[in-house]
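Working notes for the structure below.
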Amino acid sequence: MDGSKMSQDELVDKLKQQVALENIELLLTKMSRLCFNKCVIKPGSSLDSSEQKCVSMCMDRYMETVSLVSKSFGERLLAESQNMH
């Protein structure tokens, strides 16, 4: 019985890792698209310095926002789970 439980645990861990990777890819895709559309008015073969700065700042703000929302959501879930007990 332990062998099958171990394989189930391993499967769950692999699924969690896969979902986490897919979420990261989705986040990066959304962030890239949003910041590119916001900062690059006339696409060319390279970014000029103002576009580079804009993209960098946009990505920083986006990651800060995602981090803040994730933290707040996690705290809310924790508070709700503690209130249920």
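Computed over heavy atoms, backbone and side chain alike; hydrogens, waters and symmetry mates excluded. Here the structure is a predicted model, which is why all the values come from computation and not from measurement.
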For the pair Ser72 (side chain) and Leu68 (backbone), establish whether a donor and an acceptor sit closer than 3.5 Å, ignoring hydrogens and angles. yes
Can you list the steps and then say if Cys58 with Cys39 is a disulfide bond (SG atoms under 2.5 Å apart)? CA-CA 8 Å; Cys58 176; Cys39 298; 4.9 Å; no
Give, for atom NZ of Lys53 and atom CE of Met57, the distance between the pair rounded to the nearest 0.5 Å. 6.0 Å
Taking Glu51 for its side chain and Asp48 for its backbone only, find out whether a donor-acceptor pair lies under 3.5 Å. yes
Pairwise distance CD(Gln82) to CD(Glu80) - rounded to 0.5 angstrom: 11.0 Å
Verify the cluster assignment for Val55 and Met63: are they in a single hydrophobic cluster under the rule of side-chain heavy atoms below 4.5 Å apart? yes
Cluster question for you: counting only ILVMFWY and a side-chain heavy-atom cut-off of under 4.5 Å, with indirect links fine, are Ile24 and Tyr62 together? yes
Evaluate side-chain contact (heavy atoms from CB on, under 4.5 Å) for Ser81 paired with Leu77, printing each intermediate quantity in order. CA-CA 6 Å; Ser81 71; Leu77 285 177; over 6 Å; no
Under 3.5 Å, side-chain donor or acceptor atoms of residues 26-38 against the rest of the protein: list the pairs with distances, not counting sequence neighbours.
residue, atom, partner, partner atom, Å
Thr29, OG1, Glu25, O, 2.9
Ser32, OG, Leu28, O, 2.8
Asn37, ND2, Arg33, O, 3.2

Salt bridge (Lys or Arg N to Asp or Glu O under 4.0 Å) contacts touching residues 58-73 (sequence neighbours left out): Arg61-Glu64
Please report the interatomic distance NZ(Lys16) to CG(Asp13), rounded to the nearest 0.5 Å. 6.0 Å
